[in-house]
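Naming: A, B, ... by sequence-line order, numbering from 1 per chain.
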Amino acid sequence: MSVRVQSEPFDMGAEVAAFSDTTAGAGAVVTFSGLVRDEGGMMQTMEIEHYPGMTEKALTAIESEANARWGLTGTLIIHRYGTLSPGEQIMMVATAARHRADAFAAAAFLMDYLKSRAPFWKKETGAKGTTWVDAKDEDEAALDRWSDQREGRGPES
Amino acid sequence: MSVRVQSEPFDMGAEVAAFSDTTAGAGAVVTFSGLVRDEGGMMQTMEIEHYPGMTEKALTAIESEANARWGLTGTLIIHRYGTLSPGEQIMMVATAARHRADAFAAAAFLMDYLKSRAPFWKKETGAKGTTWVDAKDEDEAALDRWSDQREGRGPES
Amino acid sequence: MIEVLYFAWLRERIGERSEQIETQATTVADLVEELRGRSEAHALAFSDMASVRVALDQELTGMDAPLSGVREVAFFPPMTGG
Amino acid sequence: MIEVLYFAWLRERIGERSEQIETQATTVADLVEELRGRSEAHALAFSDMASVRVALDQELTGMDAPLSGVREVAFFPPMTGG
């Protein structure tokens, strides 16, 4: 388990390679990375604000919950804050498990929780000015699918 | 869209980095990689046989179907054949989309089809001898969830 | 004495990152009522509570949560990470 | 004349990667019946058809598929990629 909150860019390729190397026994590794969309060249910058102290706690809690729900051999969360340009990596999660269904479910779970339960706020500056990104109803709704105590297991890897 | 079938190892980190760089407009990138499990040190080698000619066709068809079902900005499939050692990467898929639900669903779809519909066969050599890996009923069952013409859209990225 | 923190557009509307507040409020909702009285900017920031979330000592909670023993209260809009 | 290919344990049991076959069989099932007669190894390889899959000209199909115009027939166990 590992959580990093940083303003510096990270090297997705190097992170994935390092993560895969450290997950002994894994048969399946899933990664997700979120990028600043360029919106057809209309987006100029994205600023990400966070709540230092709470952010690390919230991410660690989310990661612990994923590890409690699924048989994982490794998890990683990296999230940036500060000013980002289109095409830049905002964040990534990685999950490793013996079987692919666990790795997929855990990565989707981490993302759903991270979207709506970790204290980050995005502000976009584009051709139309500067606006705070609104939370989406469907992101809140996405959490409902995890409300069962345990997920049923899917196909094995 | 890109499909590669090769005996050589690939550099997961470099592949992910290159893939992310080429998916203009993407907000979400999901990757899956399959590794040879070490089975607590009991696994010695894995041999992967395939059907040259049909393999590339089958993977391209699977990739085209994923692109038809979801709004993707990029897909990549790499699958190795030949003799592999524990911990080595067997294969990877990557999907890029504006929204995370599409990227996750497409990656899971590619994996489910690739498991049971691409002409690869695995033979494991371990402490107990050499055996062909049996297809799993749950892998066949996993295909059922994609039998609807189109998947409902999940939460947006 | 508790420390009240603001993030994102709540911070921008109120014009402060944090305030030290001496209060007798027993719940978050009581505290919000008090804060509204501090300035027009505060009143505006807390005018639509459907768009405000609260954390007590860095744990997400609800507006009816009790304040006893709490040292840090944070107000912010719904989170948009990922 | 069609080319018949074998993969994985079908290849190992039959002891050949491919065979050139002159046949009048009209379906895959007919061809399998013919192949069974070629040797004991063939008969053994095709003894449990629940574990055999077939592709005609590199397209996955079923045992009742017609052979007309087909140049390449491949037999193999259920696939285990990924």
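By the neighbour-count criterion of 12 heavy atoms within 6.0 Å, atom CG of B/Asp11 is densely surrounded, having more than that number from other residues, nucleotides or ligands.
For B/Phe104 and A/Phe104, the distance between ring centers is not under 6.0 angstrom.
Annotation: side chain of B/Met92 is not in contact with side chain of A/Val16 (no heavy-atom distance under 4.5 Å). Looking at heavy atoms from C-beta onward, A/Val29 lies in side-chain contact with B/Leu35 at the 4.5 angstrom threshold.
Annotation: maximal heavy-atom pairing with chain A below 4.5 Å, among B/Val93, B/Thr31, B/Asp21, B/Thr23, occurs at B/Thr31. Of the listed residues (A/Met12, A/Met111, A/Glu140), the greatest number of heavy-atom pairs within a distance under 4.5 Å of chain B belongs to A/Met111.
Contacts of B/Ala26 with chain A are made by both backbone and side-chain atoms, with heavy-atom separations under 4.5 Å. Residue B/Gln89 touches chain A through its side chain alone, counting heavy-atom pairs closer than 4.5 Å. When heavy atoms are compared at a cutoff of 4.5 Å, B/Ala94 does not approach chain A at all.
For the residue pair A/Arg37 and B/Gly27, the shortest heavy atom distance occurs at CG-CA, 3.5 Å.
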